[in-house]
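To keep things clear, I will list the structure first and then write my remarks on it.
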There are 2 protein chains.
Amino acid sequence: MDTRPRPPSSAEPTGSARHAAAGSPKRAQHGGCEGCLARPLAICASIPAAETHALEAVAGEVLLPVGATLASQGDPRREVYTITRGMLRRVRLLPDGRRLVAGFLMVGDFIGFSGAPHYRHTLEAVTDCVLCAFPLQSMRSLCQRYPDLESGMLAQACSELDATRGSLMMLARLGPGERLAGFLVELGERQQQRGGAAHHVDLPMTRADIADHLGLTIETVSRSFTKLRQSGAIAFEDPRRIDLVDVAALRSAAGL
Amino acid sequence: MDTRPRPPSSAEPTGSARHAAAGSPKRAQHGGCEGCLARPLAICASIPAAETHALEAVAGEVLLPVGATLASQGDPRREVYTITRGMLRRVRLLPDGRRLVAGFLMVGDFIGFSGAPHYRHTLEAVTDCVLCAFPLQSMRSLCQRYPDLESGMLAQACSELDATRGSLMMLARLGPGERLAGFLVELGERQQQRGGAAHHVDLPMTRADIADHLGLTIETVSRSFTKLRQSGAIAFEDPRRIDLVDVAALRSAAGL
DNA sequence: CGCCGATTTGACGCCCCTCAACGGTCGTGG
DNA sequence: CCACGACCGTTGAGGGGCGTCAAATCGGCG
């Protein structure tokens, strides 16, 4: 009765990569919190440096090659994760193939804020990733032992809620160009927090990922890119590497 | 450059109600947790019944008449709330008047999951409301004293995150009829948890509120209602009181 | 009864989705 | 080395759905 989907939707069916067939997750031993680049960004920082052994004792390391899936929609939730390297996407699929990318997850982000016993999203690696894995049960006991950890998680969950509510406005009331502007600004800020250059955004994800994140089609995303470029707000030669020329204009377009 | 808004947007400019000019919030003394209808639904339940005096000691009661605003976008956040009676809407306004209703808040819901120091939304009473107010600072100390309270809040924040992510899919990829179907089902379930009749939904909010919640216009919402009615999925005479005739159809339309 | 707001319905137009084609890059294999 | 295919991104043409504008109906309240 309503919006019709496109036949088989867009991106790959989880396991049909280029040639080597998108490897699967591999387990490894935890490398230690000391030199961890993600630690200052992650909830792990809620535990004092002197006590990281408690984390290391229960943590495992997961290596996730590009295109691999960490967990699938419907799987039981047994672990939570902190991202140490790389980028993931959080994908939800409708039975008819319509696809939503509910978010992109970057270094320091926490995976596991959910009350559901099963995953409501599939988690796929946009780039090669490394994650710290914690059994759900261990995380619960750690929270009891270190109340600051639980406060930290609550705070983090609240900011994620803030961010998600921001996306609501974007999807409900902004036009394509405005959505894209907001997306670029936000991604740029997150990359800057992680040591990226200001006024520069790297886009490891495809246009299809962006489209499914913004509730648009690939074509409309592409057209919006060229319009933003023509307007002088952004510049790029490599479509995966964007210059934010006029951040103020981008921000105001996105209602920020 | 993009979607153009309608001149002055839809609903009232916060204070121009029917005739009596939408009263303002009134303070009262807290009535006690014992007979509180919201308690079993709210995070307050994380504190044992024998200890409710700790809550009562710091709580205040707020009476909010229809149309009144509890807090405005940009105000500093000083308190958090639990809803005891009535319904509120969480509204965000863009400078040009575009409006989003980020959610409807009902009895037992908690207001205050945010990391921001200022409100990012305006909170307006859809019906007459009663709320329990807790100073932010008191809530923090309560969390230290009662770790279960903090766990409860984390759990609640996680379910809200789940719900908000569900809205993302709705806004990004569902058509008008599907969005409305999902909205009705979800609201029906929440009302049922609160003692409402199954297969019946009360809509205290206007079509404009629904439209701004679903990212549509009033007219499209209205047309979607009549289409759902013609399809036999719902029935109604009073537009504010909807019969859910075929819940299965509604659920599957919404991708649930 | 008259006014006002809420809801519904109709006519029309624009924006975005759909369908299609093209160019560029990369990796493979002849 | 170059031909080839796969994937990605871009651009153009066309159609449909939802927003826009307009008007009618209904109910509540003064």
Side-chain angles (χ1 to χ4, degrees), chain A residues 1-13 16-22 66-67 97-99 126 171-180 203-212 214-230 236-242, chain B residues 1-13 16-22 66-67 97-99 126 171-180 203-212 214-230 236-242:
Chain A
M1 147 198 319
D2 270 317
T3 297
R4 207 90 44 239
R6 220 179 287 211
S9 181
S10 31
E12 80 270 73
S16 74
R18 209 130 331 203
H19 49 98
V66 189
R98 279 176 284 181
R99 181 172 174 266
V126 174
L171 291 173
R173 287 301 181 215
L174 299 189
E178 299 169 320
R179 294 186 203 186
L180 184 57
L203 302 176
M205 72 291 288
T206 67
R207 295 291 194 256
D209 288 333
I210 299 175
D212 288 338
L214 302 181
L216 303 169
T217 59
I218 311 178
E219 296 91 330
T220 301
V221 168
S222 186
R223 280 186 255 267
S224 301
F225 266 112
T226 79
K227 275 190 194 168
L228 282 183
R229 172 155 62 179
Q230 288 167 349
F236 62 92
E237 301 184 9
D238 181 346
R240 301 284 189 114
R241 187 161 184 80
I242 310 294
Chain B
M1 153 202 312
D2 270 317
T3 298
R4 207 89 43 240
R6 221 179 288 208
S9 181
S10 31
E12 80 271 75
S16 74
R18 212 130 332 201
H19 49 98
V66 189
R98 279 175 285 181
R99 181 171 174 266
V126 175
L171 291 172
R173 288 299 182 216
L174 299 190
E178 299 169 320
R179 295 186 203 187
L180 184 57
L203 302 176
M205 72 292 288
T206 66
R207 295 290 193 257
D209 288 333
I210 299 175
D212 288 338
L214 301 182
L216 303 168
T217 60
I218 311 178
E219 296 91 332
T220 302
V221 168
S222 186
R223 279 186 256 268
S224 302
F225 266 112
T226 77
K227 275 191 194 167
L228 282 183
R229 173 154 63 180
Q230 287 167 349
F236 64 92
E237 301 184 8
D238 181 347
R240 302 284 189 115
R241 189 161 183 79
I242 310 294

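In what follows, every chain begins at residue 1, and chains take the letters A, B, ... in the order their sequences are listed. Everything quoted here is computed from the prediction, not taken from an experiment.
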Handout entry: Whole-Å distance separating the CD atom of Glu237(A) from the P atom of dT10(D)
Key = 13 Å

Practice task
Measure from CZ on Arg98(A) to P on dT18(C) and round the result to the nearest Å.
Solution key: 10 Å

Practice task
To the nearest Å, give me how far apart CD (Glu178(B)) and P (dG17(D)) are.
Solution key: 13 Å

Exercise for the section: Verify, without hydrogens or angle tests, whether Arg173(B) (side chain) and Arg99(A) (backbone) share a donor-acceptor contact under 3.5 angstrom. Expected result: yes

Practice task
Whole angstrom is fine here: how far is it from CG in Leu180(A) over to C1' in dG9(D)?
Solution key: 14 Å

Exercise for the section: Return yes if some donor-acceptor pair links the side-chain N/O of Ser224(B) with the main-chain N/O of Thr220(B) below 3.5 Å, else return no. Expected result: yes

Practice task
May I have the distance from Gln230(A) (atom CD) to dT11(D) (atom C1'), rounded to whole angstrom?
Solution key: 11 Å

Pairs under 3.5 angstrom, nitrogen or oxygen only, protein versus nucleotides 7-14 of chain C, please.
residue, atom, partner, partner atom, Å
dT7(C), OP1, Arg240(B), NE, 2.8
dT7(C), OP1, Arg240(B), NH2, 3.2
dT7(C), OP2, Arg207(B), N, 2.9
dT8(C), OP1, Arg207(B), NH2, 3.2
dT8(C), OP2, Arg207(B), NE, 2.9
dT8(C), OP2, Ser222(B), OG, 2.9
dT8(C), O5', Ser222(B), OG, 3.1
dG10(C), N7, Arg223(B), NH1, 2.9
dG10(C), O6, Arg223(B), NH2, 3.4

Practice task
Figure out the CG/P separation between Asp209(A) and dC7(D), and round it to whole Å.
Solution key: 15 Å

Handout entry: Spacing of Lys227(A) atom NZ relative to dG9(D) atom P, expressed in whole Å
Key = 19 Å

Handout entry: Heavy-atom donor-acceptor pair, Arg207(A) side chain to Ile218(A) backbone, under 3.5 Å
Key = no

Exercise for the section: Output yes when a side-chain donor or acceptor of Arg223(B) lies under 3.5 Å from a complementary backbone atom of Pro176(B), and no otherwise. Expected result: no

Practice task
Take the protein atom CD1 of Ile210(A) and the nucleotide atom C1' of dC8(D), then report the distance between them rounded to whole Å.
Solution key: 12 Å

Practice task
With the side chain counted from C-beta on, respond yes when Arg98(B) and Asp212(B) share a heavy-atom pair under 4.5 Å apart, and no when they do not.
Solution key: no

Handout entry: Phe225(B) side chain near Ile210(B) side chain, heavy-atom distance below 4.5 Å
Key = yes

